Number of protein chains: 2
Amino acid sequence: MREIEHGSEMPVYRQVADAIRDDIEAGRLRPRRPLPSEVHLTQEFGVARDTIRRAIAHLAELGLVRTVAGRGTFVRARGQAVVEIEPGVRIFARRPTTAERDTMELADDEWVLVIERHDGSVEVLPADGAEVRAPGHA
Amino acid sequence: MREIEHGSEMPVYRQVADAIRDDIEAGRLRPRRPLPSEVHLTQEFGVARDTIRRAIAHLAELGLVRTVAGRGTFVRARGQAVVEIEPGVRIFARRPTTAERDTMELADDEWVLVIERHDGSVEVLPADGAEVRAPGHA
DNA sequence: ACGTATTTGTACGTATGTATC
DNA sequence: AGATACATACGTACAAATACG
């Protein structure tokens, strides 16, 4: 049973989420591979399934995992993309092609960002997890 | 008690969310005003609080409401903004000023999009709820 | 400063439905 | 068909944030 502090200031579901996040970042849980099942995780952490589900939902919000009903929750393969916007750059969102949805592990309702630079180069990346940032701003 | 169909194909929490959404769009729930409390809504719809919370969470994802612990859930004042991107337009995200956060009813972790057009006009709008769309794409 | 009431947040349990293999 | 895994929905209890007297 893994280390959960019940009286802590940090909610249990966050502690679980952080632990799983550590597993992902340490490579113990690998991209495209499933997490242990929710029931298994309840035993591993000694918490209720509701709490496990909240932890997983939190990780999904962060874009680290993706859940598929009846199959499992999978580690997503991607890094945080930071796009520096400059004058002359064109950026737009569209639905991904089937091939893109496959290679990027996108859900049905997800979009991609297309960045077209003034030198003609084009970059396509998942819309979620991407951070669009202007130089000089936090 | 309001009209909920339990055996329906649509989950109860979605039915509740849609009903509240209708209330907002019909003006029965007004911008900047609180929703009835969760406990009140359980009685109004005859469902568990868990279900009400899920419905509210769904509306929050859509950007229609905003929840504050200890106070309540409030209707957000905003429309769906659609930004048509053209070549030469500069778009970036930054944290809102205090004044912007106030007038736009933004949470602490929310961002604004700044659209600078080639004619020099600048538009600031909440990043969530905004849809960036390229002409010719769905 | 303090307690109290209200409201949302967290966490537990249990049961059943739906999707996938 | 059966087993497994996630989804939904019910219930209960207590904690934390907020507002007010």
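Here is how names work: the chains are called A, B, and so on, in the same order as the sequence lines, proteins then strands, and each is numbered from 1. Note that this is a predicted model, so its numbers are computed, not measured.
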Over how many whole Å does the gap from B/Arg54 atom CZ to D/dC10 atom C1' extend?
11 Å
Salt bridge (charged side-chain N to carboxylate O under 4.0 Å, His left out) between B/Arg30 and B/Asp23, intermediate numbers included
CA-CA 9 Å; B/Arg30 310 186 71 86; B/Asp23 286 346; over 6 Å; no
Verify same cluster id: A/Leu35, A/Tyr13 (apolar side-chain graph, 4.5 Å)
no
Interatomic distance, B/Thr73 atom OG1 to B/Arg53 atom CZ [nearest 0.5 angstrom]:
8.0 Å
Evaluation steps, side-chain contact (heavy atoms from CB on, under 4.5 Å), between B/Val12 and B/Glu5
CA-CA 7 Å; B/Val12 176; B/Glu5 188 183 354; over 6 Å; no
Contact between A/Arg33 and A/Val75 at the side-chain level, heavy atoms closer than 4.5 Å - yes or no?
no
According to side-chain contact (heavy atoms from CB on, under 4.5 Å), who are the partners of B/Pro34, at least two apart in sequence or on a separate chain?
B/Phe74
Produce a footprint string for nucleotides 12-21 of chain D: one letter per nucleotide, 5' end first; B if the base is under 4.0 Å from any protein heavy atom, S if only the sugar-phosphate is, - if neither.
-B---BSS--
Separation of D/dA9 atom C1' from B/His6 atom NE2, nearest Å, is 8 Å
Approximate separation, where rounding is to 0.5 Å, of A/Arg54 CZ and A/Ile56 CD1
12.5 Å
Provide the start and end nucleotides, 5' to 3', of the part of DNA chain C that has atoms under 4.0 Å from heavy atoms of chain B.
C/dT7 to C/dT10
What parts of residues 38-46 of chain A reach DNA chain D, counting only heavy atoms under 4.0 Å away?
A/Glu38
On DNA chain C, check which nucleotide each of A/Arg14 and B/Leu35 is closest to and give me the residue with the more 5' one.
B/Leu35
Judged by nearest nucleotide, the residue sitting upstream toward the 5' end of DNA chain C, B/Ile56 or A/Pro11, is B/Ile56
Taking atom P of D/dC6 as reference, at what distance in whole Å does atom CG of A/Asp50 sit?
14 Å
Check side-chain contact (heavy atoms from CB on, under 4.5 Å) between B/Met1 and all other residues, then give those that pass, not counting sequence neighbours.
none
Measure the distance from CD1 on A/Ile52 to C1' on D/dA5 and round it to the nearest whole Å.
14 Å
Quick one, B/Val65 with B/Ile24, criterion side-chain contact (heavy atoms from CB on, under 4.5 Å). Give me CA distance, side-chain angles, the key distance, then yes/no.
CA-CA 9 Å; B/Val65 302; B/Ile24 292 172; 3.9 Å; yes
Heavy-atom closest contact (A/Pro36 atom, A/Leu41 atom, distance)
O-CD1, 3.5 Å
Are the side chains of A/Thr42 and A/Arg49 in contact, using a 4.5 Å heavy-atom criterion?
yes
Identify the two heavy atoms, one from B/Met10 and one from B/Asp18, that lie closest to each other, and give their separation to 0.1 Å.
SD-OD2, 3.5 Å
Using C1' atoms of five pairs at each end, report the bend of the helix from C/dC2-D/dG21 to C/dC21-D/dG2 rounded to 10 degrees.
20°
A/Arg21 and A/Leu59 have their tightest heavy-atom pair at CB-CD2, 4.2 Å
